[in-house]
Amino acid sequence: MSELYNGMLENTPSDPRMAEHYAELLALLKEQREISEKGIRQPPEDFWKWDQRVQSLISGRELAFLLEPHITNADPKDPDIARVNRLNHLIKILVYRQGIQTTNGFNG
């Protein structure tokens with residue numbers, strides 16, 4: 001699997017609030033990226049289980065951001081669309097937890 005942000009996301013944040021569930025979220029991100037990069041056709045029910053695990057580990061504000069559509073005019077219940085959306089937003093949440101403010105990401 002290609003390295004995420006040159007390894008920047010590999011370190012758990014020192015702030016205890018940002019570190020909560022960080023390792024689990026990173027592992028879930030890597031799991032889903034590996035599936036995508038290998039071109040594996042994941043059964044929709046497996047993706048939605050993964051999605052529920054992610055949702056159970058993040059804050060309310062992070063959840064609201066995670067569920068925002070990334071691809072406009074697309075069906076959010078389509079697991080392929082949702083996968084792209086969730087991966088993009090989960091990366092931005094983890095970047096934020098590293099203390100990096102961005103102009104097009106999640107900023108708390």
Side-chain angles (χ1 to χ4, degrees):
M1 184 176 84
S2 62
E3 195 172 16
L4 289 167
Y5 288 82
N6 295 321
M8 174 188 79
L9 298 180
E10 295 298 323
N11 299 317
T12 300
S14 57
D15 181 331
R17 292 176 304 119
M18 299 298 185
E20 186 175 13
H21 304 298
Y22 187 89
E24 296 97 320
L25 290 167
L26 182 60
L28 287 167
L29 174 65
K30 288 179 177 183
E31 173 188 312
Q32 203 56 230
R33 279 184 47 109
E34 184 175 348
I35 289 167
S36 294
E37 288 178 0
K38 288 182 176 179
I40 298 170
R41 189 77 179 140
Q42 183 181 37
E45 59 274 8
D46 290 351
F47 169 73
W48 293 119
K49 286 178 188 173
W50 175 91
D51 187 53
Q52 287 302 307
R53 290 186 353 234
V54 169
Q55 289 186 35
S56 74
L57 297 172
I58 58 179
S59 72
R61 294 180 75 181
E62 291 169 336
L63 177 59
F65 179 74
L66 184 78
L67 298 177
E68 285 179 9
H70 176 69
I71 301 171
T72 55
N73 300 322
D75 180 4
K77 292 184 178 18
D78 178 326
D80 293 328
I81 299 298
R83 181 178 296 109
V84 171
N85 182 55
R86 300 302 198 271
L87 288 175
N88 182 286
H89 284 123
L90 182 54
I91 289 170
K92 290 178 180 183
I93 289 167
L94 295 178
V95 166
Y96 169 76
R97 285 185 174 207
Q98 288 293 337
I100 299 168
Q101 300 288 317
T102 62
T103 56
N104 65 346
F106 176 73
N107 288 308

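- Remark: Lys30 engages Glu10 in a salt bridge, criterion side-chain N to carboxylate O under 4.0 Å.
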- Any chance you could lay out the side-chain contact (heavy atoms from CB on, under 4.5 Å) test for Ile100 and Met8, step after step, and finish with the verdict? CA-CA 11 Å; Ile100 299 168; Met8 174 188 79; 3.1 Å; yes
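- Heavy-atom minimum distance, Ala19 versus Pro13: CB-O, 3.3 Å.
- Distance CE/Met18 to OG1/Thr12: 13.5 Å, rounded to 0.5 Å.
- The existence of a salt bridge linking Arg41 and Asp80 is confirmed by a sub-4.0 Å separation between a basic side-chain nitrogen and an acidic carboxylate oxygen.
- Looking only at side-chain heavy atoms (C-beta outward), Leu9 and Gln98 come within less than 4.5 Å of each other.
- Residues Leu66 and Arg86 approach most closely at CG-CD, 3.6 Å, considering heavy atoms.
- Residues forming a side chain to side chain donor-acceptor pair (under 3.5 Å) with Lys38 (at least two apart in sequence, or on another chain): Glu34.
- Under a hydrophobic clustering in which Ile, Leu, Val, Met, Phe, Trp and Tyr are joined whenever their side-chain heavy atoms come within less than 4.5 Å, directly or via other members, Leu90 and Ile35 fall into different clusters.
- Ring orientation note: the planes of Phe106 and Phe65 are tilted relative to one another, at an angle of 30° to 60°.
- Rounding to the nearest 0.5 Å places CG of Asn11 at 7.5 Å from OH of Tyr22.
- Residues Leu63 and Leu87 are members of one and the same hydrophobic cluster, defined by side-chain heavy-atom contacts under 4.5 angstrom among Ile, Leu, Val, Met, Phe, Trp and Tyr.
- The CG atom of Leu25 lies 8.0 Å from the CD1 atom of Ile93; values are rounded to the nearest 0.5 Å.
- Distance check: Ile40 CD1 to Asp46 CG gives 11.0 Å after rounding to the nearest 0.5 Å.
- With rounding to the nearest 0.5 Å, the separation of CG in Asp78 from CG in Asn85 is 11.0 Å.
- With rounding to the nearest 0.5 Å, the separation of CG in Leu94 from CG in Leu29 is 6.0 Å.
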- Kindly determine whether Asp75 and Ile81 satisfy side-chain contact (heavy atoms from CB on, under 4.5 Å), including the steps that lead there. CA-CA 7 Å; Asp75 180 4; Ile81 299 298; 5.7 Å; no
- Give the intermediate values and the outcome of side-chain contact (heavy atoms from CB on, under 4.5 Å) for residues Leu28 and Leu57. CA-CA 10 Å; Leu28 287 167; Leu57 297 172; 3.8 Å; yes
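- Among residue pairs with one or both ends in residues 52-70, those qualifying as salt bridge (Lys or Arg N to Asp or Glu O under 4.0 Å) are Glu31-Arg53, Glu62-Arg97; sequence neighbours excluded.
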